[in-house]
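See structure below.
Quick note on labels: first sequence line is chain A, next is B, and so on, each numbered from 1. Note that this is a predicted model, so its numbers are computed, not measured.
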There are 2 protein chains.
Amino acid sequence: MNIKEVADRAGLPAKTIRYYEEIGLIRPLRGANGYRAFRESDLHKLAFLARARGLGFTIEECRRLLALYEDRGRASADVKALAEAHLDDMERKIAELRAMQATLRDLVAGCAGDQRPDCPILAGLAEGTAAGRGGTKPCH
Amino acid sequence: MNIKEVADRAGLPAKTIRYYEEIGLIRPLRGANGYRAFRESDLHKLAFLARARGLGFTIEECRRLLALYEDRGRASADVKALAEAHLDDMERKIAELRAMQATLRDLVAGCAGDQRPDCPILAGLAEGTAAGRGGTKPCH
DNA sequence: GCTTGACCTTCCCGTGACAGGAAGGATTAG
DNA sequence: CTAATCCTTCCTGTCACGGGAAGGTCAAGC
């Protein structure tokens, strides 16, 4: 299989597949012409990666998941721990987003949204009376 | 004021302040020694930026907010539109995270989490029976 | 045989919003 | 005078790729 076919079948851009090879997530063979020659097993791994990425796992988490997937002697506890840590990450992100949303919604609620310049949103950002609460760090 | 003092007062790292200057968000003066000389107005802008970033606005959104903030002839409708667009962005992100969470939670629920290798999480990622639903794109 | 178009390859730069650190100059306290 | 703390610029790295250039390969059709 050439890269376009695996890309279509795995649902990943060819660029992404080349990148995954570069960082060692997959190791496709090479044909005499220099083209990558993907086996069924490569396709499986790529589909696996596409789904794991789709669930928000980072590349490094995907790498560990893939290693566990290929390790017949794995303990499911290890997989579960990884998944639960990721669930916690998502929970934290959601909480952070909700906190930001709540603050901003309060500001928006007080804004007339007309032609006049008076704006509690800008006032809130300028004075900090309502913005940035809840231990929300600048970002990162 | 030197950079350290504004950094402490605005609650931003000095690195970030230099970066904000580099991309044109602020334009502090310069002393004879080459040091940045921050005015009160620069400090205000930086505090404004810190709060806007804390609410999740991107740098470009912050740039527009700052422009509106400084425009005495602004219409509050423009500010409100920007804020509401951002609220929508956050809503979408939350929905995406929740969808991923729900899928992963289903997989985790079926996993024994013991010493045995059998794992519905890995099976789900491999077979795609439950992962990646709801139009969730690989990421981005 | 030749061309056309669709593939494939590598390589390099750009993204967003900074962080880390090196190398060197300025200022201040003791 | 020295030591500590500040300040400066510049370069590299992050994360997960995307865009595009320059050039090689392959299959189909004339």
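- Residue A/N33 places none of its side-chain N or O atoms closer than 4.0 Å to OP1 or OP2 of C/dC8.
- Remark: B/K93 does not engage B/E96 in a salt bridge, criterion side-chain N to carboxylate O under 4.0 Å.
- The phosphate of D/dC17 (OP1 or OP2) has a side-chain N or O of A/Y20 nearer than 4.0 angstrom.
- A donor N or O paired with an acceptor N or O is not found under 3.5 Å between the base of D/dG18 and the side-chain atoms of A/Y19.
- Per the geometry, NZ belonging to B/K15 stands 16 Å off P belonging to D/dC6, to the nearest Å.
- Atom pair A/N2:CG and C/dC8:P shows a separation of 5 Å (rounding to whole Å applied).
- Comment: B/E21 does not engage B/R27 in a salt bridge, judged by the lack of any side-chain N to carboxylate O separation of less than 4.0 angstrom.
- Between A/R51 and B/E127 there is no salt bridge, since none of the side-chain N atoms of the basic residue sits less than 4.0 Å from a carboxylate O of the acidic one.
- Whole-Å rounding puts the B/I17 CD1 to C/dA19 P distance at 11 Å.
- The phosphate of C/dA19 (OP1 or OP2) has a side-chain N or O of B/T16 nearer than 4.0 angstrom.
- One interatomic measurement links the two molecules: CD1 of A/I3 to C1' of D/dC17, which rounds to 13 Å at whole-angstrom precision.
- A close approach under 4.0 Å does occur between a side-chain nitrogen or oxygen of A/R30 and OP1 or OP2 of C/dT10.
- Neither OP1 nor OP2 of C/dC8 sits under 4.0 Å from any side-chain N or O of A/R36.
- The pair B/K45-B/D42 does not meet the salt-bridge criterion, since no charged nitrogen lies less than 4.0 angstrom from a carboxylate oxygen.
- Look at CD on A/E5: it is 10 Å from P on C/dC8, rounded to the nearest Å.
- Remark: A/R18 is not in phosphate contact with C/dC11, judged by side-chain N or O atoms under 4.0 Å from OP1 or OP2.
- Whole-Å rounding puts the A/E22 CD to D/dA16 P distance at 13 Å.
- Using a 4.0 Å heavy-atom distance criterion, A/I23 is classed as making no nucleic acid contact.
- Taking atom CZ of A/F57 as the reference point, atom C1' of D/dC15 lies 17 Å away to the nearest angstrom.
- Each of C/dG25, C/dA17, C/dC7 was ranked by its minimum atom distance to the side chain of B/Y35; first place goes to C/dG25.
- Transitive grouping of hydrophobic side chains (ILVMFWY, heavy atoms separated by less than 4.5 Å) brings B/L25 and B/M1 into a common cluster.
- Rounded to a whole Å, the CD atom of B/E21 is 15 Å from the P atom of C/dC18.
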